Amino acid sequence: PAGAAAGPLPEEDCMKLNPSFVGIALSSLLAIDLWASKRLGVCAGEGSAWGSARPLMKVIEVSGHGIPWLLGTFYGLWHTDSSAAREVLLNLLFALLLDLVMVAVVKGLVKRPRPTHNKMDMFVTISVDKYSFPSGHATRAALVCRFVLRHLVLAVPLRVLVVLWALIVSISRVMLGRHNMTDVLFGLLLGYALYSVVEHCWLSPATAPALFALW
């Protein structure tokens, strides 16, 4: 009837004056992440605050790159005569390949761009390396660190050095401007988790005889 109260407007016509708390929190965290990452990118360029340390940071970058680790693992497999060492190295190879695949998949799905202050002069990149999330170096550092501490007999000072190397590689990603802090933090968590997958799927002459017959 005329004069009757109008019904409620469709939801899409209503102005959302109260955005969700989760949305606000995520937007705030993202803004803090971008701001802090840019402030910490002290080696992002030669003219940056710590620009003189950039060559050293790039050496550290290479130490966490997948290619040196893969080449070193293949070299060890080729020259070792120990069945125990061969088993450890084959599983390290499996871990490194798993790391490369998982990081590439996540990068391709998330497609987060690199920080704007990053210089694209990285050591040997592939197509997905134009994306930032997660940090493959951080993932690899955490994975290799756990692997080495678990399967190599090292004196305490060397074990400390391995942990420090993983931390320095991860921190250098933000200092060089390659990644935001959340890229590195997620990378460390992913690498830590991937080691558990490697342990669960551990390759041995009993579980993978054909693979060991190749070596």
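Here the structure is a predicted model, which is why all the values come from computation and not from measurement.
Taking OG from S37 and CE from M181, the interatomic distance works out to 4.5 Å, rounded to the nearest 0.5 Å. Here the CE-CG distance, from M120 to D129, works out to 7.5 Å after rounding to the nearest 0.5 Å. Separation of atoms SG (C43) and CG (L176) is listed at 6.0 Å; rounding is to 0.5 Å.
Considering only residues two or more places apart in sequence or on other chains, S172 meets the side chain to side chain donor-acceptor pair (under 3.5 Å) condition with none of them.
Annotation: side chain of L161 is in contact with side chain of L158 (closest heavy-atom distance under 4.5 Å). In this structure, the side chains of K130 and K111 stay at 4.5 Å or more apart for every pair of heavy atoms.
Around atom CH2 of W50, no more than 12 heavy atoms belonging to other residues, nucleotides or ligands sit under 6.0 Å away. Heavy atoms of other residues, nucleotides or ligands lying less than 6.0 angstrom from OH of Y75 number 12 at most.
Geometrically, R146 engages Y192 in a cation-pi contact defined by less than 6.0 Å to the ring centre and at most 45° from the axis.
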Identify every side-chain donor-acceptor pair in residues 94-101 under 3.5 Å, counting partners at least two apart or on other chains, and give the distances.
residue: D99; atom: OD2; partner: R140; partner atom: NE; Å: 3.2
residue: D99; atom: OD2; partner: R140; partner atom: NH2; Å: 3.3

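D33 and T182 form a side-chain donor-acceptor contact under 3.5 Å, judged by distance and modelled atom types alone. In this structure, a donor-acceptor pair under 3.5 Å is present between the side chains of S63 and W165.
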Going through the checks in order, is the salt bridge (Lys or Arg N to Asp or Glu O under 4.0 Å) test met by R54 and D121?
CA-CA 12 Å; R54 184 173 172 81; D121 58 350; 2.8 Å; yes
Before giving the answer on salt bridge (Lys or Arg N to Asp or Glu O under 4.0 Å), spell out for D183 and R112 the whole-Å C-alpha distance, their side-chain angles and the decisive distance to 0.1 Å.
CA-CA 9 Å; D183 304 332; R112 185 184 195 183; 2.8 Å; yes
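Among pairs with a residue in residues 150-160, those fulfilling side-chain hydrogen bond (donor to acceptor under 3.5 Å, both in side chains) read H151-Y195, H151-E199, at least two apart in sequence or across chains.
Side chain of R178 to backbone of R173: no donor-acceptor contact under 3.5 angstrom is found.
Minimum interatomic distance between S20 and G23 (heavy atoms only, all atoms of both residues): OG-N, 3.0 Å.
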